[in-house]
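A note on names: the letters A, B, ... follow the listed sequences, proteins ahead of strands, and every chain is numbered from 1.
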There are 2 protein chains.
Amino acid sequence: MRHDVRVRETTAGPATGGYAKGRIRREDIITAAVAVYGEAGYHGSSLREIAKRAGITHAGLLYYFPTKEALLAAVLERRDAEDAEREQLQAAPGVDVLRHFLALAEHNVRHPGIVDLYSRLAAEAVAEDHPAHDYFVRHYRAAREGVVGSFRALADRGELRPGVDPAAAALTFVALMDGLQVQWLTTPDEVDLVGSLRFYLGGLLTVPLG
Amino acid sequence: MRHDVRVRETTAGPATGGYAKGRIRREDIITAAVAVYGEAGYHGSSLREIAKRAGITHAGLLYYFPTKEALLAAVLERRDAEDAEREQLQAAPGVDVLRHFLALAEHNVRHPGIVDLYSRLAAEAVAEDHPAHDYFVRHYRAAREGVVGSFRALADRGELRPGVDPAAAALTFVALMDGLQVQWLTTPDEVDLVGSLRFYLGGLLTVPLG
DNA sequence: CCTACCGATCGGTAGG
DNA sequence: CCTACCGATCGGTAGG
């Protein structure tokens with residue numbers, strides 16, 4: 001993997017370590033980048049457009065993030081931080097984790113920009129030399145592992161329909177979330193994102209989702 | 001929709017109407033475009049790279065396809081023609097149609113370039129002003145309608161598990177195919193594309209898939 | 001953080 | 001189909 005994103009280096013930089021103005025500026029730039037990546041993809045985005053939305057020049061942006069890739073790393077880093085924060089409140093493996101994913105889907109429906117960013121980046125990052133490729137490899141693994149634990153716990157309690165393989169159910173669930181997002185973004189009025197996830201899970205469980 | 005792809009105009013052009021050399025050249029260019037779109041996406045592709053793979057200059061390419069969008073239209077046009085050809089042999093609505101989709105998935109696993117192209121384009125074309133947006137709107141509608149008919153036929157024959165909504169099952173099936181493709185391209189060794197589709201369908205049907 | 005610049009690359013055109 | 005070119009835009013750097 002040639003272009004690994006070194007998330008750690010991103011936190012270093014001229015404006016870290018206590019200067020509030022610089023920290024705010026960095027956050028503004030990341031917010032602008034999320035929006036532009038969602039609209040144009042990573043490769044289709046220009047530092048000039050992102051900088052303009054953050055109210056600086058593209059050379060000014062490069063003062064905070066030395067390369068285009070460093071900015072992408074910071075965007076993914078913040079996303080992980082936000083996800084981790086949300087999962088602080090997470091329940092033990094089981095039906096509560098699945099409810100948590102439904103809540104995440106409800107959150108996403110209200111924030112199409114995030115869904116846009118994620119879907120576009122995931123499709124781009126399929127290429128092995130994409131700077132976010134390793135991020136998505138890890139992301140998918142973590143997502144599957146997080147869900148499979150819950151399906152196993154459900155199976156142990158007899159809350160999973162007999163014969164259902166937890167690993168297959170988990171992989172399929174993660175794929176379904178991704179596929180629904182693209183289809184929903186393309187034809188929002190014709191796709192019930194949360195309802196479809198409920199439909200899928202309802203067919204696997206012997207207990208109600210609530 | 002501003003940038004509608006006018007597929008019809010693409011068939012017009014200097015090399016249509018009987019000149020075998022020109023027709024072959026056009027096909028070569030489309031083949032090269034499919035490969036490059038799959039690797040770099042539509043926006044990330046350059047006419048120069050596509051032309052180089054077809055053995056001509058980018059100005060030469062523009063002799064056959066007057067704009068970048070006209071080439072995209074031709075690529076989608078050929079894909080539809082190939083799909084239509086395959087569906088000539090199609091069975092009546094029911095379990096055979098689902099088997100047909102499993103066969104398509106098996107075909108896709110052996111042709112990752114096609115999957116790459118489709119996944120990247122679908123994610124890009126989420127944007128309303130993308131030249132392939134309308135294509136994917138129609139594509140998703142057609143896919144759902146094709147599948148829902150089969151689930152309804154299965155339900156009529158009691159081959160669908162009781163309480164399963166055919167429309168939800170169809171939407172979910174199409175989304176699952178898409179989501180699996182991206183996850184499979186990202187981590188091929190960790191995703192069983194065809195097996196996951198079988199898992200999903202097996203949970204819905206009361207008859208074996210074979 | 002900015003102005004000013006660099007080399008590279010883009011889609012498209014002129015003119016054969 | 002090619003050579004030669006156009007204006008626009010890209011990421012990144014120099015120098016302050």
Side-chain angles (χ1 to χ4, degrees), chain A residues 2-3 5 9-10 12-30 32-33 36-37 39-75 124 129-132, chain B residues 2-3 5 9-10 12-30 32-33 36-37 39-75 124 129-132:
Chain A
R2 277 170 295 162
H3 296 287
V5 178
E9 279 184 28
T10 314
T16 335
Y19 296 103
K21 201 169 123 194
R23 251 183 291 119
I24 289 169
R25 199 55 114 185
R26 288 173 62 89
E27 289 305 312
D28 288 348
I29 294 169
I30 292 172
V36 178
Y37 290 173
E39 292 168 25
Y42 168 70
H43 285 308
S45 299
S46 73
L47 297 179
R48 281 168 175 84
E49 175 62 26
I50 295 166
K52 196 165 84 180
R53 298 205 197 181
I56 57 174
T57 64
H58 95 283
L61 187 158
L62 288 165
Y63 168 76
Y64 288 100
F65 301 96
T67 65
K68 197 184 182 189
E69 277 191 30
L71 177 55
L72 173 61
V75 165
E124 274 189 16
D129 63 348
H130 191 285
Chain B
R2 277 171 294 164
H3 296 288
V5 177
E9 280 184 26
T10 314
T16 335
Y19 297 102
K21 201 169 121 195
R23 250 182 292 120
I24 290 169
R25 198 55 115 185
R26 286 174 63 89
E27 289 304 311
D28 287 349
I29 294 169
I30 292 172
V36 178
Y37 289 172
E39 292 169 25
Y42 169 69
H43 284 307
S45 299
S46 74
L47 297 179
R48 281 167 174 86
E49 176 61 27
I50 295 166
K52 196 165 85 180
R53 298 206 197 183
I56 57 174
T57 65
H58 94 283
L61 187 159
L62 287 165
Y63 168 75
Y64 288 99
F65 301 96
T67 65
K68 197 183 182 190
E69 277 191 31
L71 177 55
L72 173 61
V75 165
E124 274 189 17
D129 63 347
H130 191 284

Next item on the list: For the side chain of B/His58, starting at C-beta, report the closest nucleotide among C/dG11, C/dT3, D/dG11.
Entry: C/dG11
Next item on the list: Specify the separation, in whole Å, of atom CG of B/Leu61 and atom C1' of C/dC10.
Entry: 14 Å
Note to self: How long is the straight-line distance from CG of B/Leu62 back to OG1 of B/Thr57, given to the nearest 0.5 Å?
What the structure shows: 8.5 Å
Margin query: Within the structure provided, determine whether A/Leu71 and A/Tyr37 are in side-chain contact (heavy-atom separation under 4.5 Å).
Written below: yes
Notebook entry, point to check: Picking from C/dG11, D/dC2, C/dC2, which would you name as closest to the side chain of A/Ala59?
Noted result: C/dC2
Checklist line | Qualifying residues under side chain to side chain contact (heavy atoms under 4.5 Å, CB included), relative to A/Thr67, sequence neighbours excluded | finding: A/Glu69, A/Ala70
Next item on the list: Using atom OH of B/Tyr63 as one end and atom P of C/dG15 as the other, report the distance to the nearest whole Å.
Entry: 18 Å
Next item on the list: Would you mind reading off the distance between B/Leu71 atom CG and C/dC10 atom C1', rounded to a whole angstrom?
Entry: 15 Å
Item checked: Rounded interatomic separation in angstrom, taking CZ from A/Phe65 and P from D/dG12 -> 13 Å
Next item on the list: For A/Leu62, report the nucleic acid contact type (base, sugar-phosphate, nothing); a contact means any heavy atom under 4.0 Å.
Entry: base
Next item on the list: Both distances under 3.5 Å, Watson-Crick or G-U wobble: on that basis, could you give the dot-bracket string for DNA chain D, with [ ] for crossing pairs and | for other-strand partners?
Entry: ||||||||||||||||
Notebook entry, point to check: Got a second to check how far B/Ile56's CD1 is from B/Tyr63's OH, nearest 0.5 Å?
Noted result: 11.0 Å
Item checked: Distance, nearest 0.5 Å, that separates NZ of A/Lys68 from CG of A/Leu61 -> 11.5 Å
Next item on the list: Kindly state which residues belonging to residues 43-55 of chain B come within less than 4.0 angstrom of DNA chain C, counting heavy atoms of the residue only, listed by number.
Entry: B/Ser45, B/Ser46, B/Leu47, B/Arg48
Next item on the list: May I have the distance from A/Ile56 (atom CD1) to C/dT3 (atom P), rounded to whole angstrom?
Entry: 12 Å
Check: Which pairs with one or both residues in residues 42-51 of chain A pass side-chain hydrogen bond (donor to acceptor under 3.5 Å, both in side chains), sequence neighbours excluded?
Finding: A/Glu49-A/Arg53
Item checked: Side chain to side chain, A/Leu72 and A/His130, heavy atoms closer than 4.5 Å -> yes
Checklist line | B/Tyr42 OH - C/dG11 P separation (whole Å) | finding: 9 Å
Margin query: Nearest 0.5 angstrom please: B/Phe65 CZ to B/Ile30 CD1, how far?
Written below: 4.0 Å
Note to self: Tell me the interatomic distance from A/Lys68, atom NZ, to D/dG11, atom C1', rounded to whole angstroms.
What the structure shows: 8 Å
